[in-house]
Structure formats: structure tokens, C-alpha cells
Amino acid sequence: EPLGDVFTIERGPAHTQDSPLSITAIGDDRFAVAYSVSTAGGAGSGGSIHVKRVITGVVDNTSLVVEQDADREATRPRLAAHPSGRLAVAWRASDGTRFWTRYAMVDTSSLSLVKPPRSIDAASADRPAIAAAGDYFAMSWEAPGADETEIYLQVFGFADGRVVSPVTQV
């Protein structure tokens, strides 16, 4: 049974939300929602990734802009949560001709960046997925090739976002 009415996470006439949202639990009655905001103009025209907290059905109207870039679009955010309230956020970045996966670490108690955004060390990384396991999070992504798409995975530490494993083809 719902705890309350449906409510708006984000609204605004000057942008579009053109990719799926991501939501994850960050405590007994708390959630984090990630979404992308694009400027009008098409692929590679600029965009940003935002995170908001929701506590028992009430939206904290403070939005953390995880990344904002006027020359790159940022879409398809994904979240993984650690019991401490720390989040790993992954998303797809594109300049209109190529794409890659970026990630950042967020502290949900202060709604602040723990580590600035970084890029996966791969020539082409699309459609990120992310999952948490204990003190680690794993990211996987697609790398489209000429004849087939390859899937890769890498593991990171929640404490500092450090790389724990090499990039592995799945």
C-alpha cells in the first residue's frame, strides 16, 4: 500500500528528461533517485546527472548535480548503495560521435560528492549497469564492435572509488 500521493521529483521547461530514472534504497525509509537533464539540441549538446533524496515519500528538494557539461550529454544514470549511505553513480556520456561510461561517489547524508566524476578506462563504454556487494560495487558496460558487442566488468571500492579489479570481458 502506498505511503502517500504520487509526487514530482523534477520539473522544468528549459530541459528534457530523456533517459530512465534510477532509484535505490539508502536506509530504512530513505531512497535516492538519479536522473539526467538534457539541454535542447540533440546528441552531444550538453546535459547533467542529478541525485535527490526521498525520505518516507517526501522529496528533499535539494538536488546534487553530480556532473554538468555543456558539450557532452549525460544519460542513463544508475545507482548502487552502500549501507553507510554512500552511493556509486554511473552514467553514459557522449559528445555526439562517441560515448563512454563515467562514475562518481556521493555521500547521501550531506548530499555531496565524495569523489569527482571519472571515466571508465575503455575506448568505448555504453549502457552502464551497477551493483553493490558489501564494501564494493561492480560496473558492467557494453563495448559495441564492428561485428559484435562485448560486455565488460570492473570492481571498485565503496570507500574511495578505487579500482579493485582489472577490466574483465564477461
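Note that the structure is a prediction, hence the values are computed from the model and not measured. Numbering of residues begins at 1 and proceeds along the displayed sequence.
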Flag side-chain contact, heavy atom, 4.5 Å: [X] against [Y]:
X	Y	answer
Trp100	Asp95	yes
Ser119	Tyr103	no
Arg76	Trp91	no
Met139	Leu153	no
Pro128	Arg92	yes
Val33	Val54	yes
Arg78	Val89	no

If a pair satisfies salt bridge (Lys or Arg N to Asp or Glu O under 4.0 Å) and one of its residues is in residues 127-136, list it, with sequence neighbours excluded.
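Only Arg127-Glu142 qualify under salt bridge (Lys or Arg N to Asp or Glu O under 4.0 Å).
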Results of salt bridge (Lys or Arg N to Asp or Glu O under 4.0 Å) for Arg102 - residues two or more places apart only
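With sequence neighbours excluded, Arg102 shows a salt bridge (Lys or Arg N to Asp or Glu O under 4.0 Å) to Glu67, given in chain and number order.
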So, using salt bridge (Lys or Arg N to Asp or Glu O under 4.0 Å) as the criterion, who are the partners of Arg118 when residues are at least two apart?
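Residues passing salt bridge (Lys or Arg N to Asp or Glu O under 4.0 Å) with Arg118: none at all.
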Considering only distance and modelled atom types, tabulate donor-acceptor pairs under 3.5 Å from the side chains of residues 104-111, sequence neighbours left out.
from   : atom 1 : to     : atom 2 : distance (Å)
Asp107 : OD1    : Ser109 : N      : 2.8
Asp107 : OD1    : Ser109 : OG     : 2.6
Asp107 : OD1    : Ser110 : N      : 3.4
Thr108 : OG1    : Gly85  : O      : 2.5
Ser110 : OG     : Ser112 : OG     : 2.6

By the side chain to side chain donor-acceptor pair (under 3.5 Å) test, which pairs, at least two apart or in different chains, include something from residues 158-170?
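Listed by first then second residue: nothing to list.
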Working to the nearest 0.5 angstrom, can you tell me the gap between Asp126 CG and Thr101 OG1?
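The CG atom of Asp126 sits 6.5 Å away from the OG1 atom of Thr101.
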Quick check for you: to the nearest 0.5 Å, what is the distance between Ile23 atom CD1 and Leu21 atom CG?
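These two atoms lie 8.5 Å from each other.
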Where does the angle between the aromatic ring planes of Tyr152 and Trp141 fall among parallel (under 30°), tilted (30 to 60°) and perpendicular (over 60°)?
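Because their plane-to-plane angle is under 30°, the rings of Tyr152 and Trp141 count as parallel.
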List the residues meeting ring pair (Phe, Tyr, Trp, His ring centres under 6.0 Å) with Phe158, not counting sequence neighbours, and say none if there are none.
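Testing Phe158 for ring pair (Phe, Tyr, Trp, His ring centres under 6.0 Å), a comparison that skips the adjacent residues, returns His82, Phe137.
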